[in-house]
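Single-structure report; data block below.
All of these numbers come straight from a predicted model, not from anything done at the bench. Residues: numbered from 1 along the sequence shown. Side chains are part of it too, since the values below use all heavy atoms of this structure and drop only hydrogens, waters and symmetry mates.
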Amino acid sequence: TMPVKSYIAHAAPGSAHQLAQSIAALPGCSVVPAENRDAVVVITDSPSEEAETELRSHLEQLETLISLTLVSAFSADDDLISIAKGSTPQ
């Protein structure tokens, strides 16, 4: 599976820019900074669940991070067409 996940990362007061730079430097991470809060949206794209778990561990160890909340997750194995049509995935 190739998981793609999005998180809200809350930064220590005044350190959202530094947190965004630290996260953007990690492979497989994209960052969208919030305009009015010490938070960023993090999108991860990993080759496997194991790699995603390791990446999340690295994120959680960043000094300027206060909290990391999973917002959504998608895996390349998800059957979106069946779900969209309301049928049961095979």
For residues Leu62 and Leu19, determine if any side-chain heavy atom of one lies less than 4.5 Å from a side-chain heavy atom of the other.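 Counting from C-beta outward, Leu62 and Leu19 do come under 4.5 Å.
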Check whether any side-chain heavy atom of Asp45 lies under 4.5 Å from a side-chain heavy atom of Cys29, and answer yes or no.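 Not touching, per the 4.5 Å side-chain cut-off.
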Measure the [atom1]-[atom2] distance between [X] and [Y] for me, rounded to the nearest 0.5 Å.
{"X": "Lys5", "Y": "Leu55", "atom1": "NZ", "atom2": "CG", "value": "10.0 Å"}
{"X": "Leu70", "Y": "Ser6", "atom1": "CG", "atom2": "OG", "value": "6.5 Å"}
{"X": "Arg37", "Y": "Ile8", "atom1": "CZ", "atom2": "CD1", "value": "10.5 Å"}

Distance-only, no hydrogens or angles: does the Ser48 side chain make a donor-acceptor pair with backbone N or O of Ala51 under 3.5 Å?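 Yes, the answer is positive, given that a donor and an acceptor are paired below the 3.5 Å cut-off.
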Determine yes or no for a side-chain-to-main-chain donor-acceptor pair under 3.5 angstrom, with Thr53 supplying the side chain and Glu49 the backbone.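 Yes, Thr53 side chain to Glu49 backbone: donor-acceptor pair under 3.5 Å.
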Steps toward side chain to side chain contact (heavy atoms under 4.5 Å, CB included) verdict (Glu52, Thr44): CA-CA 8 Å; Glu52 174 66 27; Thr44 62; 2.9 Å; yes
Please determine whether residues Val4 and Tyr7 belong to a single hydrophobic cluster, defined as Ile, Leu, Val, Met, Phe, Trp and Tyr linked transitively by side-chain heavy-atom distances below 4.5 Å.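 In one cluster: no.
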Considering residues, nucleotides and ligands other than Glu60, do more than 12 of their heavy atoms fall under 6.0 Å from its CD?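 It does: Glu60 CD has more than 12 such atoms within range.
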Quick one: closest heavy-atom pair of [X] and [Y], and the distance?
{"X": "Leu65", "Y": "Ala9", "result": "CD1-CB, 3.6 Å"}
{"X": "Arg56", "Y": "Leu68", "result": "NH2-O, 3.5 Å"}
{"X": "Ala11", "Y": "Ile66", "result": "O-CD1, 3.3 Å"}

Test log, rule side chain to side chain contact (heavy atoms under 4.5 Å, CB included), inputs Val40 and Val32: CA-CA 6 Å; Val40 297; Val32 179; over 6 Å; no
